[in-house]
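The model shown is predicted, which means the values in this text are computed figures rather than measured ones.
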Amino acid sequence: MKTWLIATFALAAAAAQAQGNDPLKAAVAADNRLVGNVARDNYRHPYETLSFFGIKPTDTVVELAPGGGWFTEILAPYLREGGQLYAADGGSVRFKAKMDSMGVYSKVKISSFDPAKGQFDIAPAGSADVVLTFRNVHNWMNGGTAQAVFDAAFKALKPGGTLGVEEHRLPASRTQDPKAPSGYVQEATVIQFAEKAGFKLAGKSEVNANPKDTADHPDGVWTLPPTYGLKDKDRAKYQAIGESDRMTLKFVKP
């Protein structure tokens, strides 16, 4: 066995012991996570969010549009030994390079997912225990593919499987633009997509709520950290607000 692989297993074991043998806490504390990503834990609450979705280390999980792999860094080691992670990615060279960079990602399967091109083969039909999406619904609304994505998630899940959705939240009192150009989406809109696909709402969590976020910024949600779309203009103001107010919803496939 290669030295780096032995070291990886040793570090994982040490992390698990340090976290009281809780495998999810160990994955959150694992050393494969980038320092900049760890610094955002106080905004993104990975342990609480994944716990709410009820993910077990033996599950088959699909992560839709993982982007830079913020949650992938946690899900990959968590599912590595007993489960399976599908990263439904649109062919990002940067994401693939990340998956090729360390042994902890060697079991991750990258599936074909590019809504703009009509590619929705996120996992074999009826194979997944959980499908997850983090802050992506507004992009699919902008491209007119949101319903097709929710339909694909329903198809991939086993009966009784879970769809976990985290999304920037637009207050119910505001008008929802069908294209969601601000990056904010009403809870009712997400629930409508899910229920039309066949899901039942199973729960809501306020773990990612931020009452400081008014959701009416000049450059939409990208005004806030970590993007800071206005660059240095009013940076301290937006830093004080923090990251966006977000809904965290759990749906079940009957």
Side-chain angles (χ1 to χ4, degrees), residues 49-56 59-67 71 75 84-90 111-209 213 215 220-221 244-254:
T49 298
L50 296 176
S51 294
F52 172 68
F53 292 144
I55 301 170
K56 301 184 295 296
D59 281 343
T60 294
V61 178
V62 181
E63 183 184 6
L64 298 176
F71 266 99
L75 291 166
Q84 179 63 62
L85 176 60
Y86 284 88
D89 180 67
S111 55
S112 177
F113 179 64
D114 191 337
K117 296 179 180 178
Q119 297 175 358
F120 297 96
D121 298 326
I122 61 174
S127 67
D129 297 290
V130 183
V131 174
L132 300 173
T133 173
F134 301 99
R135 312 197 303 188
N136 289 307
V137 177
H138 60 280
N139 292 321
W140 302 327
M141 289 176 66
N142 190 263
T145 59
Q147 190 60 59
V149 174
F150 278 81
D151 292 345
F154 190 87
K155 180 180 178 181
L157 282 166
K158 302 173 182 177
T162 296
L163 170 65
V165 180
E166 179 191 317
E167 177 59 295
H168 311 294
R169 179 163 48 194
L170 184 71
S173 60
R174 305 266 283 281
T175 300
Q176 178 70 72
D177 187 315
K179 295 290 187 180
S182 69
Y184 289 95
V185 181
Q186 288 183 351
E187 278 192 10
T189 299
V190 173
I191 293 170
Q192 183 178 17
F193 284 130
E195 290 184 341
K196 187 174 180 180
F199 290 102
K200 302 295 183 184
L201 180 64
K204 300 181 181 182
S205 172
E206 290 298 298
V207 66
N208 291 303
D213 179 16
V221 71
S244 67
D245 175 54
R246 298 184 303 282
M247 68 185 88
T248 307
L249 306 177
K250 179 164 61 177
F251 300 92
V252 172
K253 176 178 179 176

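- Using a distance-only test at 3.5 Å, with no hydrogens or angles considered, no donor-acceptor pair links the side chain of Asn136 to the main chain of Thr133.
- A search for ring-ring contact (aromatic ring centres under 6.0 Å, His included) contacts involving Phe120 returns nothing, not counting sequence neighbours.
- Nearest heavy-atom pair across Ala153 and Val131 is CB-CG1, 3.9 Å.
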(request) Just do the side-chain contact (heavy atoms from CB on, under 4.5 Å) check on Val207 and Phe52 with the steps written out, would you? (result) CA-CA 9 Å; Val207 66; Phe52 172 68; 5.6 Å; no
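- The CG atom of Leu50 sits 7.0 Å away from atom CG of Leu132, with the distance rounded to the nearest 0.5 Å.
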(request) Please report the C-alpha distance between Tyr184 and Asp177 in whole Å, then the side-chain angles of each, then the deciding distance to 0.1 Å, and finally whether the side chain to side chain donor-acceptor pair (under 3.5 Å) criterion is met. (result) CA-CA 9 Å; Tyr184 289 95; Asp177 187 315; over 6 Å; no
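- The two residues Gly183 and Val221 come nearest to each other via the heavy atoms CA-CG1, 4.0 Å.
- A centroid separation of 6.0 Å or more is found between the aromatic rings of Phe199 and Phe150.
- Taking the side chain as every heavy atom from C-beta outward, Phe53 and Leu163 never approach each other to under 4.5 Å.
- Nearest heavy-atom pair across Phe193 and Ala146 is CZ-CB, 3.6 Å.
- Contact between Met247 and Val185 at its shortest, heavy atoms only, is CE-O, 3.0 Å.
- Proximity of Ile191 to Leu249: side-chain heavy atoms (C-beta onward) are separated by under 4.5 Å at one or more points.
- For residues 245-254, the set of pairs meeting the side-chain hydrogen bond (donor to acceptor under 3.5 Å, both in side chains) definition, not counting sequence neighbours, comprises Glu166-Arg246, Arg169-Asp245, Asn208-Arg246, Asn208-Thr248.
- Here Ser51 pairs with nothing under the side-chain hydrogen bond (donor to acceptor under 3.5 Å, both in side chains) rule; sequence neighbours left out.
- Interatomic distance, Phe113 CZ to Glu63 CD, rounded to the nearest 0.5 Å: 11.0 Å.
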Please list, one pair per line, the donor and acceptor atoms closer than 3.5 Å that link side chains of residues 137-144 to other protein atoms, with sequence neighbours excluded.
from: His138; atom 1: ND1; to: Glu167; atom 2: OE1; distance (Å): 3.2
from: His138; atom 1: ND1; to: Glu167; atom 2: OE2; distance (Å): 3.1
from: Asn142; atom 1: ND2; to: Lys179; atom 2: O; distance (Å): 3.3

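- For the side chain to side chain contact (heavy atoms under 4.5 Å, CB included) test with Tyr86, the passing option among Val61, Leu75, Thr60, Ile122 is Thr60; the others fail.
- Every residue meeting the ring-ring contact (aromatic ring centres under 6.0 Å, His included) condition with Phe134, not counting sequence neighbours, appears here in chain and number order: Phe71.
- The two atoms that bring Pro171 and Ala215 nearest to each other are CD-CB, 3.9 Å, heavy atoms only.
- Counting heavy-atom neighbours within 6.0 Å of Gln192 CD, excluding the residue itself, gives a total of 12 or less.
- Ala172 and Gln186 get closest at one heavy-atom pair: O-NE2, 3.4 Å.
- Here salt bridge (charged side-chain N to carboxylate O under 4.0 Å, His left out) pairs that include residues 118-133, with residues two or more places apart or in two chains, are Asp129-Lys158.
- With contacts defined as side-chain heavy-atom distances shorter than 4.5 Å, the pair Val62/Leu64 qualifies.
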